[in-house]
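For reference, the structure discussed in these notes is given below.
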Amino acid sequence: QVPLVESGGGSVQTGGSLTLSCLASEVAYSRNCLGWFRQAPGKEREGVAAIYTGNGDAYYADSVKGRFIISRDNAKRTVHLQISQLKPDDTAMYYCATKRGDKCYTHAWSDEAAFYFWGQGTRVTVSS
């Protein structure tokens, strides 16, 4: 079983919205920290948001606060990232990743090295 599979990317205009989804295997999902990262060509990969699947605590990068919402669906073992009020700077490949839940907390949720499963990514393109 593939640990993480992303979907939902696409091309939208500035101000538009998309919902990205990350379908996780049991081992990748249960009581783990599920994070979303993004990387644009020529730029470093950056953390976008994360959620602890054990209780739903959520964390966001400053650049997306108020525009993106991360949520969990335990029955489907799926984490969604609703991305809204999109800007061209949001254009990137978006990746889902997972790490231990005890590493999912304020100031440390985006620590990239601890994420041990990564999905294949889903592309988001925002045009002016």
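Not measured: the values here are computed from a predicted model.
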Should [X] and [Y] count as side-chain neighbours, where that means a heavy-atom distance under 4.5 Å?
| X | Y | answer |
| --- | --- | --- |
| Asp111 | Lys99 | yes |
| Leu20 | Phe68 | no |
| Tyr52 | Arg31 | yes |
| Leu4 | Leu34 | yes |
| Tyr59 | Ser110 | no |
| Tyr60 | Val48 | no |
| Lys103 | Cys33 | no |
| Phe37 | Phe115 | yes |

Give a yes or no on whether [X] and [Y] share a hydrophobic cluster (residues Ile, Leu, Val, Met, Phe, Trp, Tyr; joining criterion: side-chain heavy atoms under 4.5 Å apart).
| X | Y | answer |
| --- | --- | --- |
| Trp109 | Tyr95 | no |
| Tyr105 | Trp36 | no |
| Ile69 | Val126 | yes |
| Leu81 | Leu86 | yes |
| Tyr29 | Leu23 | no |

Can you name the closest pair of heavy atoms from [X] and [Y] and give their distance?
| X | Y | result |
| --- | --- | --- |
| Lys43 | Gln39 | O-NE2, 3.1 Å |
| Ser21 | Thr78 | CB-CG2, 4.1 Å |
| Thr122 | Gly9 | OG1-N, 2.9 Å |
| Thr14 | Pro88 | OG1-CD, 3.5 Å |

Spatial distance of atom [atom1] ([X]) from atom [atom2] ([Y]) [nearest 0.5 Å]:
| X | Y | atom1 | atom2 | answer |
| --- | --- | --- | --- | --- |
| Arg77 | Cys22 | CZ | SG | 11.5 Å |
| Leu18 | Ser11 | CG | OG | 8.5 Å |
| Asp57 | Ile51 | CG | CD1 | 8.0 Å |
| Asn55 | Cys104 | CG | SG | 8.5 Å |

| said: If the threshold is 4.0 Å, N to carboxylate O, is there a salt bridge linking Asp90 and Arg67? | reply: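 Yes, charged N to carboxylate O under 4.0 Å.
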| query | Is Lys87 salt-bridged to Asp89, going by a charged N under 4.0 Å from an acidic O? | reply |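 Judged by the 4.0 Å cut-off on N to carboxylate O distance, Lys87 and Asp89 do not form a salt bridge.
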| request: State whether the number of non-hydrogen atoms from other residues, nucleotides or ligands found under 6.0 Å of Gln13 atom CD is greater than 12. | output: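 Atom CD in Gln13 is not packed in, count stays at 12 or less.
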| CZ (Arg45) with more than 12 external heavy atoms under 6.0 Å |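 Check passes, neighbour count above 12.
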| request: Would you sort out whether Arg38 and Val64 count as a side-chain contact (heavy atoms from CB on, under 4.5 Å), showing the intermediate values? | output: CA-CA 12 Å; Arg38 66 185 181 186; Val64 306; 4.2 Å; yes
| query | So, the side chain of Thr98 versus the backbone of Phe117: is there a donor-acceptor pair under 3.5 Å, distance only? | reply |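 Answer holds: no.
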| query | Would you say Glu6's side chain and Gly121's backbone share a donor-acceptor pair under 3.5 angstrom? | reply |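 Checking the backbone N and O of Gly121 against the side chain of Glu6, a donor-acceptor pair under 3.5 Å is found.
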| query | Is there a donor in the side chain of Ser84 and an acceptor in the side chain of Ser17, or the other way round, less than 3.5 Å apart? | reply |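 Ser84 vs Ser17: donor-acceptor pair found between side chains.
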